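First the structure, in the form of structure tokens, and then the observations on it.
If you're wondering where the values come from, they're calculated on a predicted model, not measured in any experiment. Numbered from 1 within each chain, the chains take letters A, B, ... in sequence-line order.
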There are 2 protein chains.
Amino acid sequence: MLYSEDMPREAMQREAGLGKGRPARIGFLLSQLGAHATELFAAQTKELGITPSEAGVIRIIGRSPGISQRELADILGSVQSRVVALIDRLEGAGLVTRTRSSADRRVQELRLTESGAATLKLLRRAAEAQEAAIVEGLTPQQADELFELLSALGSLRGLDSEIHLGYRDSAR
Amino acid sequence: MLYSEDMPREAMQREAGLGKGRPARIGFLLSQLGAHATELFAAQTKELGITPSEAGVIRIIGRSPGISQRELADILGSVQSRVVALIDRLEGAGLVTRTRSSADRRVQELRLTESGAATLKLLRRAAEAQEAAIVEGLTPQQADELFELLSALGSLRGLDSEIHLGYRDSAR
DNA sequence: TATTGTTATACTCTATAACTATA
DNA sequence: TATAGTTATAGAGTATAACAATA
């Protein structure tokens, strides 16, 4: 639940001093729709037997075969011990392999198995299906417009266009 | 992390079969921006010494003084034991009171203390400030447009315009 | 000494189930 | 019997700190 789930529209409008016909609810809508999109995607990864976090790891490894656990932790904005647990799980599920680097034997090189690569394909297909479901009901022009506005907002906020760090506990 | 944090734009575009100049990234952007909005709000509630969940509870009680814990649980889509913990915390912080109902002595009637009502005001002010921060950089026309498009999406998805259920574990 | 990875541990959030008091 | 609330407990997720192997 978030910050305006129960606030009457009139009250927000009045208190925000907007009164121009648009209530102060963009933040709320973003938060609500974002959570919804996140849940939809989570439901899809669940069918593949993985969590959204694990899906993110699979994509990163798919893009950078041989990446080390340390590098992965940096990209995720997480700690090494968390990565150990994530990879333990994915290795156990037969989706990822660990190989000691011959150049530096401290390093574990991460790669997708054949099954992991197949899962990555399914993840991409799921993302496409979700995109279609989200814009369903909007005209193509509206969808383009929405995309432009959200992109602009993202750039303004300084968010990386490729990386989504997710919902951190530290923020709560 | 979510479903396209590392997927190259070209790949998504190609695989989604869009190819009309717009990559299939609205779902990702919504999720990313939603998480960002959520984090910003969480940082603000933290300064008030409460979590976003507790902020939601304060708003609901402020809107419905005398509400029971059972009713609150229903609104939150949560269970009674969770509400017990939430109210324990807010009561301990002096923001909420429990009073046994004289009509049905099983029921605890929840109300904001003076301090709780003050916190609610601060929460509303924080929401206004965040709204301003979010649309900062957009023209008023763009902000209006964005609001309309997000509202349309919300109606389409059948989301309640007043209630945001948040990020459930069940979805992960 | 510094770094990669691992293990042990603890804390937060939230759910389930058993229980108490009241209806 | 049914319901409101409470307590006990457990699981998931993630963080910190100590440690081992390697550089």
Side-chain angles (χ1 to χ4, degrees), chain A residues 1-2 35 38-39 42 45-46 49-57 61 66-93 96-111 165-172, chain B residues 1-2 35 38-39 42 45-46 49-57 61 64 66-92 96-111 165-172:
Chain A
M1 80 220 63
L2 281 168
T38 301
E39 281 184 24
T45 64
K46 197 172 189 175
I50 59 179
T51 66
S53 297
E54 290 162 356
V57 169
I61 297 176
I67 189 175
S68 74
Q69 294 186 189
R70 152 60 78 192
E71 290 166 331
L72 183 53
D74 288 344
I75 291 174
L76 295 175
S78 183
V79 291
Q80 286 169 301
S81 63
R82 167 77 181 129
V83 170
V84 170
L86 281 167
I87 301 299
D88 279 353
R89 171 82 178 58
L90 291 172
E91 193 180 33
V96 167
T97 59
R98 281 175 164 116
T99 326
R100 284 283 167 194
S101 162
S102 50
D104 181 343
R105 295 191 43 73
R106 289 172 304 181
V107 169
Q108 297 274 31
E109 297 176 351
L110 305 175
R111 290 186 182 78
L165 293 176
Y167 306 87
R168 306 285 192 76
D169 267 7
S170 58
R172 307 202 86 197
Chain B
M1 77 224 62
L2 282 167
T38 300
E39 281 185 26
T45 65
K46 196 171 190 178
I50 59 180
T51 66
S53 297
E54 290 163 355
V57 169
I61 297 175
S64 307
I67 189 175
S68 73
Q69 294 187 189
R70 155 57 79 190
E71 291 166 330
L72 183 54
D74 289 344
I75 291 174
L76 294 175
S78 182
V79 292
Q80 287 170 300
S81 63
R82 168 77 181 127
V83 171
V84 170
L86 281 167
I87 301 299
D88 279 353
R89 173 80 178 58
L90 291 172
E91 193 181 32
V96 167
T97 59
R98 282 174 162 116
T99 325
R100 283 285 168 193
S101 162
S102 50
D104 182 342
R105 296 192 41 73
R106 288 172 304 181
V107 170
Q108 296 274 32
E109 297 176 351
L110 304 175
R111 290 187 182 77
L165 294 176
Y167 307 85
R168 307 282 194 76
D169 268 3
S170 58
R172 306 202 89 198

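- Summarising the geometry, the separation between CD1 on A:Ile87 and P on C:dT4 is reported as 16 Å, rounded to the nearest angstrom.
- A residue-by-residue look at B:Asp88 and A:Arg100 shows that B:Asp88 has its nearest nucleotide of DNA chain D further toward the 5' end.
- Considering A:Thr97, A:Thr99, A:Ile67 in turn, A:Ile67 is the only one that fulfils the side-chain contact (heavy atoms from CB on, under 4.5 Å) rule with A:Leu110.
- The closest donor-acceptor contact from the side chain of B:Arg111 to the backbone of B:Val96 lies at 3.5 Å or more, if one exists at all.
- Atom-to-atom, CG of A:Leu72 to C1' of C:dT4 comes out at 13 Å; the value is rounded to the nearest Å.
- Proximity of A:Arg98 to the phosphate of C:dT6: a side-chain N or O atom is located under 4.0 Å from OP1 or OP2.
- With contacts defined as side-chain heavy-atom distances shorter than 4.5 Å, the pair B:Ser64/B:Glu71 does not qualify.
- A:Val84 comes within 4.0 angstrom of a base, heavy atoms only.
- As rounded to whole Å, 14 Å separates atom P of C:dT4 from atom CD1 of A:Ile75.
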Look for any protein N or O under 3.5 Å of an N or O in nucleotides 17-23 of chain C and output each such pair with its distance, or none.
{"from": "C:dA23", "atom 1": "OP1", "to": "B:Arg105", "atom 2": "N", "distance (Å)": "2.9"}

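- A:Leu86 places none of its side-chain heavy atoms less than 4.5 Å from the side chain of A:Leu72.
- A:Val79 comes within 4.0 angstrom of a base, heavy atoms only.
- One can place CD of B:Gln80 at 17 Å from P of D:dA8, the figure rounded to the nearest angstrom.
- When all heavy atoms are compared, the tightest approach of B:Arg100 to B:Gln108 is NH2-NE2, 3.4 Å.
- Recorded end-axis angle for the helix from C:dT1-D:dA23 to C:dA23-D:dT1 stands at 20°, based on five pairs per end and rounded to 10 degrees.
- Here the C1' atom of nucleotide D:dT9 and the CZ atom of B:Arg82 are 16 Å apart, to the nearest Å.
- Scanning all heavy atoms of the two residues, the minimum distance from B:Ala55 to B:Thr45 falls at CB-CG2, 4.0 Å.
- Listed for the A:Arg98 side chain is no donor-acceptor partner under 3.5 Å among the backbone atoms of A:Glu109.
- In this structure, B:Glu91 atom CD and D:dG5 atom P are separated by 13 Å, rounded to whole Å.
- Atom pair B:Leu86:CG and D:dG5:P shows a separation of 14 Å (rounding to whole Å applied).
- The side chain of A:Gln69 lies closest to C:dG5 when the candidates are D:dT6, C:dA15, C:dG5.
- Side-chain contact between A:Val57 and A:Val83: absent, with no pair of heavy atoms (C-beta onward) separated by less than 4.5 Å.
- If you measure from atom CD of A:Gln108 to atom P of C:dT7, you get 10 Å, rounded to the nearest angstrom.
- None of A:Asp74, A:Ile87, A:Val107 except one satisfies the side-chain contact (heavy atoms from CB on, under 4.5 Å) rule with A:Gln69; the exception is A:Ile87.
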